[in-house]
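For reference, the structure is listed below as structure tokens.
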Amino acid sequence: MITFDNVSKQYEDGTKAVDTLNFTVNKGEFFVVIGPSGCGKTTTMKMVNRLIDPTDGTIRINDQNIKEGDIHTLRWNIGYVLQQIALFPNMTVAENISVVPEMKKWSKEKIKNRVDELLNLVGLEPETYRDRMTNELSGGQQQRVGVARALAADPDILLMDEPFSALDPISREQLQEDIQQLQHKIQKTIVFVTHDMDEALKLGDRICVMKEGKIIQIGTPAELMDTPADPFVTQFLGNRQVAADNKASEKLTVSDVMDRNVNLVNHSALSEKHTISQGESIETAFLRLNEGSVPYLLVKENEEVVGTVSYEDLARKWMKEREAQ
Ligand SMILES: Nc1ncnc2c1ncn2[C@@H]1O[C@H](COP(=O)(O)OP(=O)(O)OP(=O)(O)O)[C@@H](O)[C@H]1O
Ligand SMILES: [Mg+2]
């Protein structure tokens, strides 16, 4: 779907922001790019919709070199949620979302329906929010409008550059869950930049780890945990890596980490495949959480729900292991 072929970018002042990038993002994939500040994540992202042109190499979308097509068509087909939210402050929520559909000359009626549809999709009640000015919204609500605006013209690709980094942990977690659900519903190809490994592990089908303009490793969360390519990846994985390294942890099972407080949980949202039994290993739990893209699994024993297990439950246990060493 999106292919980088020996792509480099050197800025005019000589800064080599990215260096010989080679990778492919598959159709419908949730592809996370992670790395420390200044490693070239935003530069990589902006080359996809030609806000920045590479100094070397080729980027193709559906086998077409993006330099050869029409730049407006390209951008219309790519939704972009910026690192700093940039809603138009003197416009309403609906006007913000309508910008691209209006450029595409959709009918008023079609735009209005689309705005309401998108507001529902991102969890903002249209009646309440469509005519609000954007500066009257909370940070989390603004981010939601940003996502709605990026999706407005139904692009195939969504670029999201640290979209949740300015938010408090609770709104952030909520939006992470929402974007996961959204991805399941709309099946877009998403390139998502973060420097938070928890976020990457939770959201990514695959994760691309960058350092100083280069790709260090690309793999599924499990591949990164099992076979980190480099000490840098290990370091970036931090606490979580301990579980994979620590043989003792292989014997840890779901029953060691699960939350037995089942009353608080609304089970109806989860299907059968989002369950696990107490005797399974925590690695299996981790993989299943990731495959299912759910915030937690139901722990079942003889058809009965006996608890839940989440990323947080797994992380907490791993942290303890590390302290104990
Ligand atoms: N317009 C520019 N001119 C010169 N250098 C630039 C320009 N934009 C970015 N850079 C440099 O290129 C490198 C990569 O920047 P980039 O914004 O891609 O990093 P990033 O990974 O997105 O960082 P962050 O996590 O802080 O957002 C940095 O060293 C940065 O200073
Ligand atoms: Mg950036």
Side-chain angles (χ1 to χ4, degrees), residues 2-25 30-59 61 66-67 71 74-75 78-87 139-140 142-143 146-147 149-150 157-169 171-172 175-176 179 189-204 206-219 221 224 228-238 240:
I2 309 171
T3 304
F4 275 59
D5 195 0
N6 289 319
V7 173
S8 299
K9 172 69 191 180
Q10 185 156 14
Y11 286 108
E12 268 126 45
D13 65 359
T15 310
K16 194 143 199 188
V18 303
D19 190 2
T20 335
L21 300 184
N22 283 294
F23 65 91
T24 294
V25 181
F30 204 122
F31 189 84
V32 176
V33 179
I34 190 169
S37 188
C39 73
K41 304 182 296 297
T42 297
T43 303
T44 303
M45 195 80 127
K46 285 185 172 169
M47 288 191 294
V48 177
N49 61 3
R50 296 195 56 194
L51 288 172
I52 296 175
D53 282 323
T55 19
D56 275 303
T58 312
I59 301 170
I61 295 180
I66 59 172
K67 274 188 104 162
I71 193 163
L74 174 81
R75 291 203 184 138
I78 300 177
Y80 185 33
V81 184
L82 290 103
Q83 186 160 5
Q84 268 88 31
I85 346 160
L87 297 174
Q142 291 186 31
Q143 287 291 6
V147 173
R149 188 176 63 181
I157 298 170
L158 196 56
L159 305 177
M160 305 182 81
D161 193 352
E162 307 202 36
F164 310 143
S165 58
L167 302 177
D168 65 273
S171 319
R172 189 182 173 120
L175 272 162
Q176 286 170 350
I179 194 75
T189 304
I190 300 183
V191 183
F192 187 104
V193 165
T194 182
H195 49 236
D196 173 356
M197 190 49 107
D198 279 316
E199 188 163 81
L201 290 170
K202 189 165 174 176
L203 297 176
R206 282 188 306 155
I207 299 170
C208 169
V209 183
M210 288 183 69
K211 178 191 177 187
E212 294 166 10
K214 292 201 169 74
I215 294 175
I216 306 295
Q217 184 171 15
I218 298 179
L224 257 59
D230 185 279
F232 176 76
V233 178
T234 313
Q235 185 198 337
F236 226 82
L237 283 160
R240 298 155 214 89

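None of the values given here were measured: they were computed from a predicted structure. Excluded from the calculations below are hydrogen atoms, water molecules and symmetry mates; all remaining heavy atoms, backbone and side chain alike, are included. Just so you know, ligand 1 is whichever comes first in the structure, and atom 1 is the first atom listed for that ligand.
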ask   = What about the rings of F31 and F192, do their centers lie closer together than 6.0 Å?
value =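 No, too far apart.
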
inquiry  = If we count only non-hydrogen protein atoms and require a distance under 4.0 Å, does atom 24 (P) of ligand 1 qualify as touching the protein?
reply    = yes

Atom 6 (C) of ligand 1: any protein heavy atom closer than 4.0 Å = yes

Could you go through residues 34-43 and list every donor-acceptor pair under 3.5 Å that involves a side-chain atom there, pairing it with any protein atom two or more places apart or in another chain?
{"residue": "K41", "atom": "NZ", "partner": "G35", "partner atom": "O", "Å": "3.0"}
{"residue": "K41", "atom": "NZ", "partner": "P36", "partner atom": "O", "Å": "3.1"}
{"residue": "T42", "atom": "OG1", "partner": "Q83", "partner atom": "OE1", "Å": "3.1"}
{"residue": "T42", "atom": "OG1", "partner": "D161", "partner atom": "OD2", "Å": "2.7"}
{"residue": "T43", "atom": "OG1", "partner": "Y11", "partner atom": "OH", "Å": "3.0"}

inquiry  = Between E199 and R172, does any side-chain N to carboxylate O distance fall below 4.0 Å?
reply    = yes

key: Presence of salt bridge, K9 and D53, under 4.0 angstrom   = no

Side chains of [X] and [Y] in contact at under 4.5 Å (non-hydrogen atoms):
X    : Y    : answer
I2   : T24  : no
L224 : V233 : yes
K211 : F236 : no
L175 : Q143 : yes

task = Using 2.8 Å as a strict upper limit, say whether an N, O or S atom of S37 approaches the Mg ion (ligand 2) that closely.
result =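 No, outside the cut-off.
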
What do we get for [X] next to ligand 1 when only non-hydrogen atoms under 4.0 Å count, side chain, backbone, both or neither?
X    : answer
D13  : side chain
E162 : side chain
H195 : side chain

task = Run the contact test for M45 against ligand 1 with a 4.0 Å cut-off on heavy atoms, strictly below, and give the result.
result = no

Heavy-atom gap C39 to ligand 1 smaller than 4.0 Å =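 True for this residue.
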
key: Atoms of ligand 1 close to A17 [distance to a heavy atom under 4.0 angstrom, numbered from 1]   =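 Near A17, meaning under 4.0 Å from one of its heavy atoms, ligand 1 has 12 (O), 13 (C), 14 (C).
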
I need the nearest protein heavy-atom contact for [atom]: residue, atom name and distance, please.
atom                    : value
atom 30 (C) of ligand 1 : T15 CG2, 4.7 Å
atom 27 (O) of ligand 1 : Q83 NE2, 2.9 Å
atom 28 (C) of ligand 1 : G38 O, 3.6 Å
atom 26 (O) of ligand 1 : S37 OG, 2.4 Å
atom 10 (N) of ligand 1 : Y11 CE1, 3.3 Å
atom 17 (O) of ligand 1 : T42 CB, 3.7 Å
atom 15 (O) of ligand 1 : T43 OG1, 3.8 Å

query = In terms of side-chain heavy atoms, does D56 have a donor or acceptor partner in N6 at a distance below 3.5 Å?
reply = no

query = Does a donor on one side chain and an acceptor on the other come within less than 3.5 Å for T194 and D196?
reply =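 On atom types as modelled, these side chains do not qualify, holding no pair under 3.5 Å.
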
